[in-house]
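Read through the structure below, which is laid out as structure tokens, and then see the notes.
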Number of protein chains: 2
Amino acid sequence: MATIRDVAKLANVSTATVSRVLNDNGYVNSETKNRVNEAIEQLRYRPNDVARSLFKGSSKMIALFVPDIKNPFFPELARAVEDVTNQYGYTFVLCNTDDNHEKEITYLNALTQKSVDGFIMVSSTICERHLEHVTSPIISLDRRFSSNISSVTVNNRKGAREATAYLQSIGCKKIAHICGPQTASNSKDRLKGYLDVVKYEAWFHSDFIVAGDYRFKSSYEVTKDLLTKHKDIDGLFVANDLMAVGVLKAAESLNMNIPEQLSVIGFDGIPLGLTTTPSLTTIQQPIYEIGSRAAQILLELIDHPEQQVIHEELEVTLIERDSTKRREEA
Amino acid sequence: MATIRDVAKLANVSTATVSRVLNDNGYVNSETKNRVNEAIEQLRYRPNDVARSLFKGSSKMIALFVPDIKNPFFPELARAVEDVTNQYGYTFVLCNTDDNHEKEITYLNALTQKSVDGFIMVSSTICERHLEHVTSPIISLDRRFSSNISSVTVNNRKGAREATAYLQSIGCKKIAHICGPQTASNSKDRLKGYLDVVKYEAWFHSDFIVAGDYRFKSSYEVTKDLLTKHKDIDGLFVANDLMAVGVLKAAESLNMNIPEQLSVIGFDGIPLGLTTTPSLTTIQQPIYEIGSRAAQILLELIDHPEQQVIHEELEVTLIERDSTKRREEA
DNA sequence: ACCCTGTTTGTAACGGGTTACATACTTTTT
DNA sequence: AAAAAGTATGTAACCCGTTACAAACAGGGT
């Protein structure tokens with residue numbers, strides 16, 4: 001690989017001049033500039049980004065941490081972040097953490113040592129304490145972990161209320177909830193939203209809340225159990241779409257008809273909900289917007305670290321599909 | 001951030017000694033080593049990977065290029081690559097290329113400038129010519145682009161033959177094929193496998209081959225068209241699962257019953273095929289194994305670049321689910 | 001007493017860019 | 001005509017680890 005010194009020699013100038021041409025700053029005579037550019041082309045010279053990073057202390061990379069790349073929510077989000085960061089000349093690094101604290105810390109350290117310029121994190125286990133020694137800006141997504149750290153979220157509680165109220169409005173009499181991991185703040189908020197609506201209902205019972213982990217499999221198993229024990233449940237608000245699809249399959253395996261016997265509503269609005277039969281009613285998050293806003297805010301934070309903390313909350317939308325249906329009065 | 005010089009000063013040794021302690025090579029007196037380790041801890045020193053990379057000319061990063069992160073096939077693959085590379089102390093970079101040649105080249109250049117140590121590529125547009133100036137090892141996945149570049153693939157043609165023959169064996173009389181983008185070698189091979197079986201059938205007609213692009217949406221539309229025009233089609237081999245799910249939904253929208261009226265078989269074996277109703281019969285690829293083998297081979301190639309080119313071909317497996325059914329004789 | 005090998009540590013060059021500062025010449029301002 | 005501002009370019013330090021090489025000393029073998 002040719003270096004800047006090779007170029008300088010061939011063009012008969014100093015490396016400083018070549019650098020000025022490369023970065024288009026400082027004074028360079030236009031004739032000199034041409035000579036340098038010719039040399040660059042002739043040698044197929046490409047500046048070494050590592051050397052540049054070392055001097056600048058910045059790598060032009062940003063990282064996104066997601067708990068589960070197999071949940072279609074996150075590829076969607078990743079696309080958004082990728083689009084924005086690429087647009088601004090950053091390289092995008094995607095890290096899958098499995099919601100595993102050690103893995104998160106390992107990645108955080110490894111990438112900090114690589115002078116990564118900023119982090120976008122979807123994490124349930126990270127809190128301020130772990131980030132004390134991280135000097136690059138961080139933004140939390142989907143889940144919020146400190147008022148000192150910028151975040152982009154949706155109104156989870158309100159969305160959950162809306163979902164639950166919707167089930168009531170179509171005539172569901174006993175509404176259960178499959179919740180996500182209680183370490184995740186969004187999961188807690190969705191549970192709260194559900195409780196806001198049903199807490200004082202006469203039929204309500206804590207058995208109607210069962211714990212999932214945002215994955216398909218757990219939900220499938222937990223739901224089979226729930227629906228076998230409580231045959232009178234006629235509405236189910238599930239904390240995310242992936243688990244809601246597990247519910248659909250669980251009901252199918254029990255020969256329960258959705259939406260005739262049971263109405264199901266999810267949360268997220270991932271494309272997966274369009275591929276099931278019945279298609280999935282859900283609370284749709286503006287996934288792409290969440291990702292792109294987060295990326296934009298992070299990039300601003302990188303350029304202006306003194307800037308104050310921003311918490312942005314986006315709105316969710318109820319999407320009615322075929323997994324819910326108005327219940328006829330008995 | 002503390003530097004190696006700070007540590008050296010505090011421990012009263014030279015930077016060389018600190019470096020020896022850090023990398024555990026060369027001679028260091030055990031007492032000195034303790035002193036250095038204490039200083040490291042006291043200063044919370046972490047070596048700067050960028051400086052290290054600059055000197056070594058290697059960044060301990062490897063990159064995976066995928067055409068569409070939203071296709072669940074690729075997150076699965078990414079997990080495999082991530083697991084292996086992390087295990088060997090590499091940082092994993094995931095790049096979404098949209099099958100866009102320019103984006104691929106841009107990524108390739110950007111990452112080469114960052115001294116990325118190797119590339120795993122799923123690409124339809126890259127050929128040897130574009131890689132001439134890339135000095136780090138490359139392995140192609142899923143698709144094969146040159147005999148000089150190592151690859152890990154599956155036996156696409158054989159799998160396609162198996163799929164098509166299976167449809168015949170359960171009594172399908174007219175079998176159509178939705179193919180993938182014809183730029184992709186795996187897509188071409190799957191078409192060939194289909195043709196191997198049906199080419200000389202009396203009923204065969206080129207109308208029975210329709211072009212998709214491996215995405216859900218195209219397949220949904222194209223299939224509605226196909227099934228409307230050719231109502232006698234009773235078997236459909238679809239080049240990947242994502243499109244096969246599109247077929248399921250298209251048939252649903254036309255009020256066609258799967259598998260009663262039409263048997264559908266996909267290719268890939270992604271988890272999505274388990275969430276549809278009916279669940280999807282498919283040719284399953286060992287996705288995780290493909291990814292992890294590719295990563296392993298790449299890491300070997302990085303350590304021993306002189307090593308000869310390897311082409312590994314893995315086997316696929318037919319998984320019978322509910323989207324296919326033996327056809328009763330009329 | 002001498003040589004050889006092994007141990008311990010330090011000095012300084014190196015990797016490849018960037019930029020503060022110095023120098024020198026040209027043009028503009030007053 | 002002198003001072004100031006603008007243009008053009010080079011020198012060398014700097015970013016921060018790594019390592020070749022040198023130096024110095026201990027212990028073993030002959």
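The model shown is predicted, which means the values in this text are computed figures rather than measured ones. Residue numbering restarts at 1 for every chain, and letters A, B, ... go by the order of the sequence lines. Just so it is clear, the values below take in all heavy atoms, side chains as well, and ignore hydrogens, waters and symmetry mates.
- Backbone-only contact: B:T32 has heavy atoms under 4.0 Å from sugar-phosphate atoms and none from a base.
- As judged by a 4.0 angstrom heavy-atom cut-off over every strand, B:V50 is placed among residues making no nucleic acid contact.
- Each of A:D99, A:N186, A:T97 was scored for a side-chain contact (heavy atoms from CB on, under 4.5 Å) with A:S124, with one residue passing: A:D99.
- Distance CD1 (A:I4) to P (C:dC14): 18 Å, rounded to an integer number of Å.
- Between A:K60 atom NZ and C:dG17 atom C1' there is a gap of 16 Å when expressed in whole angstrom units.
- Mapping A:A16 and A:Y27 onto DNA chain D by nearest heavy atom places A:Y27 closer to the 5' end of the strand.
- Look at A:E132 and B:R44 and you find no salt bridge, because none of the NZ, NE, NH1 or NH2 atoms lies under 4.0 Å from a carboxylate O.
- Scanning atom types as modelled, no donor and acceptor separated by under 3.5 angstrom connect the side chain of A:R52 and the base of C:dG16.
- No contact: A:D6 has no heavy atom under 4.0 Å from any strand.
- Other residues, nucleotides and ligands contribute over 12 non-hydrogen atoms within 6.0 Å of the OH atom of B:Y288.
- The separation between B:L54 atom CG and D:dT19 atom P is 13 Å, rounded to whole Å.
- Mapping A:R46 and B:F55 onto DNA chain C by nearest heavy atom places B:F55 at the nucleotide closer to the 5' end.
- Regarding B:N48, its CG atom lies at a distance of 10 Å from the P atom of D:dT18, rounded to whole Å.
- Here B:V18 lies out of heavy-atom contact (under 4.0 Å) with every strand.
- The residue A:T3 sits close only to the backbone: its heavy atoms come under 4.0 Å of sugar-phosphate atoms, none of a base.
- Atom pair A:L43:CG and C:dG16:C1' shows a separation of 15 Å (rounding to whole Å applied).
- As a whole-Å value, the separation of B:N12 CG from C:dT9 C1' is 12 Å.
- Along DNA chain C, the nucleotide closest to B:G26 and the one closest to A:P47 are compared, and the more 5′ of them pairs with B:G26.
- Ion pair B:R215/B:D68 flagged as a salt bridge, since at least one NZ, NE, NH1 or NH2 atom sits closer than 4.0 Å to an Asp/Glu carboxylate oxygen.
- Residue contacts shown for B:T17 are limited to sugar-phosphate atoms, with no base heavy atom under 4.0 Å away.
- Going from atom CZ of A:R35 over to atom C1' of D:dG10 covers 13 Å, rounded to whole Å.
- Between A:R20 atom CZ and D:dG10 atom C1' there is a gap of 8 Å when expressed in whole angstrom units.
- Toward the 5′ end of DNA chain D lies the nearest nucleotide of A:T15, the other residue of the pair B:D49 and A:T15 mapping further downstream.
- A salt bridge links A:K103 with B:E82: the closest approach of a Lys/Arg side-chain nitrogen to an acidic carboxylate oxygen falls below 4.0 angstrom.
- For A:K56 and D:dC14, the shortest distance from a side-chain N or O to OP1 or OP2 is not below 4.0 Å.
- Ion pairing between a basic and an acidic side chain is recognised when a charged N comes within 4.0 Å of a carboxylate O; A:D98 and B:R79 show such pairing.
- Minimum atom distance to the side chain of B:V28 is reached by C:dT9, of the listed D:dG10, C:dT18, C:dT9.
- In terms of phosphate contacts, B:N29 brings a side-chain nitrogen or oxygen within less than 4.0 Å of OP1 or OP2 of C:dT8.
- Evaluation of atom-type donor-acceptor distances gives no pair under 3.5 Å for the side chain of A:R5 against the base of C:dG15.
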